[in-house]
Structure formats: structure tokens, C-alpha cells
Amino acid sequence: MPPVGRLHLITDTRPGRDPLAVLRAALTVPALAPLGPLMVQVRVEDDWTDRQAYELAQAAVQLCAASGAVCLVNDRVDVALAVGAAGVHLGADDLPVEVARRLLGPGAVIGATARGPDGALAALEAGASYLGVGPAYPTTTKDGLPDSIGPSGVAAVAAATRLPVVAIGGVTADRAPGLLAAGAYGVAVVGAVSAAADPAQALARLVSCLSSAFDGSGAGAR
Ligand SMILES: Cc1ncc(COP(=O)(O)OP(=O)(O)O)c(N)n1
Ligand SMILES: Cc1nc(C(=O)O)sc1CCOP(=O)(O)O
Ligand SMILES: [Mg+2]
């Protein structure tokens with residue numbers, strides 16, 4: 001199984017966005033050792049067809065392979081298999097983690113959304129590789145989410161599991177160190193990079209803020 005990196009960049013496929021341009025820009029930013037590889041999650045809007053999802057994922061896998069990034073596909077196990085992605089991210093409306101594990105095998109990275117300690121325990125038993133935990137902060141990127149849980153909610157999940165916890169929802173470079181200090185292993189972002197005037201600079205700032213948590217200050221170093 002590839003290592004699970006601490007910075008997850010999720011594609012933004014809302015109308016008017018250019019996910020591949022953002023990804024190309026992001027992949028120009030050098031990875032820093034304490035963060036592991038950049039994790040790229042191909043997430044498409046619900047109205048995207050299988051063919052559209054496949055084509056975006058195929059392009060993303062190729063770009064990631066050339067840059068040492070690890071590419072995951074959100075929701076669609078079939079698309080992940082079809083493009084040779086390293087794994088998937090699954091939530092409550094998706095295939096069960098144990099089914100995806102059976103289909104993808106022991107070497108796949110499988111992320112599971114957990115909204116509390118109980119979900120974290122279930123995901124571990126089901127064979128998840130990491131947890132997506134949120135929304136850490138309010139976000140306008142996705143509708144229909146429960147109230148944000150804040151660093152303390154992230155801490156409660158992190159304390160209940162040995163799986164790496166990836167905090168998601170309203171994550172910015174300024175907020176990332178606090179989430180690591182709360183026990184998160186890493187963070188996932190959409191808007192902090194996609195909506196930035198300069199996505200590469202925005203990703204570089206996230207890398208810098210996250211890396212500084214590992215410079216001896218001790219925060220987030222679990
Ligand atoms: C890293 C990470 N965490 C959580 C999610 C959310 O997944 P899910 O609950 O299945 O919702 P959708 O993203 O499918 O709308 C995620 N994608 N990534
Ligand atoms: C896709 C997604 N899932 C979430 C969850 O809490 O499950 S929050 C989210 C969107 C995150 O976007 P941004 O970084 O722009 O806030
Ligand atoms: Mg999902």
C-alpha cells in the first residue's frame with residue numbers, strides 16, 4: 001500500500017472550475033518529507049457521468065504518477081479500478097468499506113468518512129486505511145453537511161482510533177496547524193487551493209504550515 005500522505009487535495013468540479021489546471025499547478029510544488037506524498041482525490045459532482053469521472057481520473061492518475069503523488073477516487077470503486085488509482089474514499093452513501101477492500105485488495109488505500117468515534121471504530125474494523133473527519137469548520141464547498149465539529153471534535157475521533165485522521169471542511173493554511181495539534185494526522189482541502197488566485201502558491205503555503213508542525217515543536221507528530 002502506498003503511504004498515506006498528510007495533505008489531501010480534492011478536485012473541485014463545480015461549474016466554472018478547472019480541476020486539471022489546479023492539479024497541474026499543485027503538482028509543481030515540491031513535496032516535503034514529513035508530509036509524505038501529496039494525496040490527490042478525484043471527486044466529481046453528482047451529475048457527472050461515469051465517462052466524465054473516468055476521463056478526469058485517468059488524467060489525474062497520469063499527472064500524479066509523473067510527480068510522485070498518490071491518486072484516489074472518491075465514491076466510485078469501478079472508476080478507481082479502471083484507471084489504476086491507488087484507492088478510494090468512501091462515505092455513508094457509498095459502497096461499504098469491506099466491499100471495496102474485497103474488490104481492491106489489501107494494497108489499496110481506502111479512506112472512510114467518520115463523523116464521530118463510533119464511525120471511526122466501524123471503519124477500522126471494515127478495513128479502512130485512514131479516516132476523513134469533518135466538517136472541521138463550516139464550508140461552502142458541499143451542501144447538506146452536519147454542523148462543524150471544530151478541532152475538539154476532530155480530537156475526539158483521533159483519540160478513539162489508531163487510524164490516521166484527515167480533517168476536512170473549511171481547512172485553510174492558518175487552521176491546519178491547529179488541527180494537527182488536536183490530533184489530526186493530516187488535512188484535506190478543496191477551496192483553499194481551488195479558489196485561490198494562485199493555486200500553486202496556496203498549496204505551497206499549506207505545505208509550509210503543515211511542515212512547520214514537524215520542525216521540532218511537536219504538534220501533530222503522531
Ligand atoms: C478526506 C475526505 N474526507 C471526507 C470526505 C467526504 O466523503 P463522503 O462523506 O462520502 O462525501 P462525498 O465527498 O462523497 O460527497 C471526502 N470525500 N474526503
Ligand atoms: C467533500 C467534503 N466532505 C466534507 C465532509 O465533512 O464530509 S467537507 C467537504 C468539502 C471540503 O471543501 P473545503 O475544503 O472547500 O471546505
Ligand atoms: Mg462519498
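Just follow the structure's listing: the first ligand is 1, and inside any ligand the first atom is 1. All heavy atoms count here, side chains included; hydrogens, waters and symmetry mates do not.
Those atoms of ligand 2 that come under 4.0 Å of a heavy atom in R43, given as number and element, are 1 (C). Near N74, meaning under 4.0 Å from any of its heavy atoms, are these atoms of ligand 1: 12 (P), 13 (O), 14 (O), 17 (N). Those atoms of ligand 2 with a heavy atom of T139 less than 4.0 angstrom away are 12 (O), 13 (P), 15 (O), 16 (O). Near P135, meaning under 4.0 Å from one of its heavy atoms, ligand 2 places the atoms 6 (O). Near G170, meaning under 4.0 Å from any of its heavy atoms, are these atoms of ligand 2: 13 (P), 16 (O). Of all the atoms in ligand 2, the ones that sit under 4.0 Å from a non-hydrogen atom of G134 are 6 (O).
Ligand 1 does not have R76 within reach: every non-hydrogen atom of the residue lies 4.0 Å or more from it. Put simply, no part of H8 is less than 4.0 Å from ligand 1, judged by heavy atoms.
Only the side chain of R115 comes within 4.0 Å of ligand 2, judged by heavy-atom distances. Heavy atoms of R115 found under 4.0 angstrom from ligand 1 belong exclusively to the side chain. With a heavy-atom cut-off of 4.0 Å, V190 touches ligand 2 through backbone and side chain alike. With a 4.0 Å heavy-atom cut-off, ligand 2 is reached by no atom of T140.
The protein non-hydrogen atom at the shortest distance from atom 10 (O) of ligand 1 is D94 OD2, 3.0 Å. Ranking protein heavy atoms by distance to atom 13 (O) of ligand 1, first place goes to R43 NE, 2.7 Å. For atom 9 (O) of ligand 1, the nearest protein heavy atom (residue, atom name, distance) is T113 OG1, 3.1 Å. Looking only at heavy atoms of the protein, atom 12 (P) of ligand 1 is closest to K142 NZ, 3.4 Å. When hydrogens are left out, the protein atom nearest atom 14 (O) of ligand 1 is D75 OD1, 2.9 Å; that is the closest non-hydrogen contact. Among protein heavy atoms, atom 18 (N) of ligand 1 sits closest to Q41 NE2, 3.0 Å.
No N or O atom of I168 sits closer than 3.5 Å to an N or O atom of ligand 2.
Contacts classified as side chain to side chain donor-acceptor pair (under 3.5 Å) and involving residues 79-88 (residues at least two apart or in different chains) are not found.
Taking a cutoff of 4.0 Å between a charged side-chain nitrogen and a carboxylate oxygen, R205 and D174 qualify as a salt bridge.
Around the Mg ion (ligand 3), the protein contributes the following N, O or S atoms at distances under 2.8 Å: D75 OD1, D94 OD2.
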